[in-house]
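If you're wondering where the values come from, they're calculated on a predicted model, not measured in any experiment.
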Amino acid sequence: MDLETDSDPRRQIELAARSAYGRLLAWLVSRSGNIAAAEDALGDALLSALSSWPGAGVPRNPEAWLLSVARRRLIDQHRRQKTQDGAADELIYRAQLQLHKEAAEAVDVPFRTHLPDRRLELLFMCAHPDIPARMRTPLMLQTVLGLSAEAIAALMLLPPSTVSKRLVRLKKSIAGRLAFELPPQESFPRRLGYVLDAVYAAYGTGWDSAPDLGGASTGLAQEAFWLAGLLVRLMPTSAEAKGLYALLCFCESRRPARRSPDGAYVPLEEQDPDQWDQELIEEGEKALWLAAQVKDAGTYQTEAAIHSVHAHRAKSGKLDWPAIHFTYRVLTRLTPSVGAQIGYAASFGRIGDPGGGLGILDALDPKLVQQHQPFWAVRAWLLAELEQTEAARHAYARAIGLCEDAAVRTWLIARQQTLG
């Protein structure tokens, strides 16, 4: 295999893990039927790359190299299991031969064009009815999209150790029991909501991870965006699949405007609409209109409608805050999530009722929002609108302390300093 010695091996390993983890893992699970075993094999391959690439150089096809090593690890696992069972298994032997053949072929051809993308099958497998409902989305986030237990815990507002233990127990309990395939058409609607939630959560994680954090921001968001579009094609009659795709189109359209030329954070309402991608906005509007024709309103369509109002500022030059406030009210009735409630609270401030917004925040479970940076940022702004300076200063301090994005932190500090 050709090697490139002029690349930073650790950087190449990091990029390969970010861009290919989900596709590689889905392929390995499709062959082994065991998520935990596939994760172990892929983890071993990444460790092997860390030890060998710095000296030998980066392979021409890093993903295929990782696949080849991970495949060998899986075969070793099969062989050990067969020995422990004390019986020859012709089916396992044939599976090993197929693993050898397919992985060997993958070494010499472009990875993306050769290896079938099996992530959708893995997503729907993770949404199987036999898996506890509360663990379906976290399982998808870790296996298909490669999020750490810490990142998932932050999304679920739970301790990382709790999430990690639950995922480990779950993978052991389902090993080899669930079919790796797209479910029958009639089962799609029952599983789809969890799949959509996972894709949206992954997009949000990628969107929120700023480049200065060294996170997988753009790559992870783009992977989730691609999956959202694939879900629309897979389920053309699903209004919520179109709603999620529309929502991500609106979000992606604003990516160039989120930072100023010098890297400063720019809030949505202060962004220059001329920097927004109008083609993506039109794509989002089309998807949202098509979703509305199904007449099956849902959470993602409603969120997309809020972003559609923001996008309309590019044409009208004005932002219709009453419309946003009304749509947030609808959203909180569909899903009383922490994020929806915080957005609803902020919209109260925009229509001149910051006290109403504080009432919404005060009603939230303190355990869920104590370490939640957006809660404290919105609370600080609402308190400042009510001229409760000391309380606002304290809330800004909490938000600043919880913020990991340097640009957003600088913006929050500036806001705090305006209090005098």
Report yes if the side chains of Val294 and Thr237 come closer than 4.5 Å at any heavy-atom pair, otherwise no. no
So how far is it from Met125 CE to Thr143 OG1, rounded to the nearest 0.5 Å? 8.5 Å
Report the C-alpha distance between Met140 and Arg136 in whole Å, list the side-chain angles of each, state the deciding distance to 0.1 Å, and finish with yes or no for side-chain contact (heavy atoms from CB on, under 4.5 Å). CA-CA 6 Å; Met140 294 179 217; Arg136 292 172 193 168; 4.2 Å; yes
Would a distance-only check, ignoring hydrogens and angles, find a side-chain to backbone donor-acceptor pair under 3.5 Å from Glu240 to Tyr300? yes
Give me the atom names and distance for the closest heavy-atom approach of Gly284 to Phe250. C-CZ, 3.7 Å
On a heavy-atom basis, which atom in Leu231 and which in Val195 lie closest, and how many Å separate them? CD1-CG1, 3.9 Å
Decide yes or no for Ile342 and Tyr328: does some side-chain heavy atom of the first lie under 4.5 Å from some side-chain heavy atom of the second? no
Using 30° and 60° as the class boundaries, would you call the ring planes of Tyr245 and Phe225 parallel, tilted or perpendicular? parallel
What heavy-atom pair brings Ala198 and Leu141 nearest, and what distance separates the two atoms? O-CD2, 3.2 Å
Please report the closest heavy-atom contact between Gln301 and Gly298, naming both atoms and the distance. NE2-N, 3.2 Å
Kindly indicate whether the side chain of Tyr396, heavy atoms from C-beta on, has any atom under 4.5 Å from the side chain of Trp381. yes
Could you go step by step and tell me if Asp130 and Ile174 meet the side-chain contact (heavy atoms from CB on, under 4.5 Å) rule? CA-CA 9 Å; Asp130 287 350; Ile174 64 174; over 6 Å; no
Between Ala70 and Leu28, what is the shortest heavy-atom contact and its length? CB-CD1, 3.7 Å
Counting C-beta onward and ignoring hydrogens, is there a side-chain heavy-atom pair between Arg191 and Pro129 closer than 4.5 Å? yes
Value for NE2 (His325) from CD1 (Ile351), rounded to nearest 0.5 Å, stands at 3.5 Å
Is the closest side-chain heavy-atom distance between Arg333 and Arg329 below 4.5 Å? yes
Rounded to the nearest 0.5 Å, what separation is found between the CG atom of Leu364 and the CZ atom of Arg379? 9.5 Å
State, without any angle test, whether Arg254 and His307 hold a side-chain donor-acceptor pair at a distance under 3.5 Å. yes
Under a 4.5 Å cut-off applied to non-hydrogen side-chain atoms, are Val266 and Asp272 in contact? no
Do side-chain atoms of Arg398 reach the backbone of Gln370 as a donor and acceptor pair under 3.5 angstrom? yes
Do you know which two heavy atoms are closest between Gly243 and Ala304, and how far apart they sit? O-CB, 3.7 Å
Any side-chain heavy atom of Leu66 sitting closer than 4.5 Å to one from Leu46? yes
Could you walk me through whether Val330 and Tyr344 pass side-chain contact (heavy atoms from CB on, under 4.5 Å), step by step? CA-CA 10 Å; Val330 174; Tyr344 187 35; over 6 Å; no
Do side-chain atoms of Glu303 reach the backbone of Leu331 as a donor and acceptor pair under 3.5 angstrom? no
Is the closest basic N to carboxylate O distance between Asp296 and Lys242 below 4.0 Å? no
Apply side-chain hydrogen bond (donor to acceptor under 3.5 Å, both in side chains) to the pair Arg71 and Ser68, showing each step before the final yes or no. CA-CA 5 Å; Arg71 175 264 306 165; Ser68 182; 3.1 Å; yes
Do Glu252 and Glu283 make a side-chain contact, defined as non-hydrogen atoms from C-beta onward lying under 4.5 Å apart? no
Determine, stepwise, if the pair Ile324 / His310 fulfils side-chain contact (heavy atoms from CB on, under 4.5 Å). CA-CA 8 Å; Ile324 292 175; His310 279 285; 3.5 Å; yes
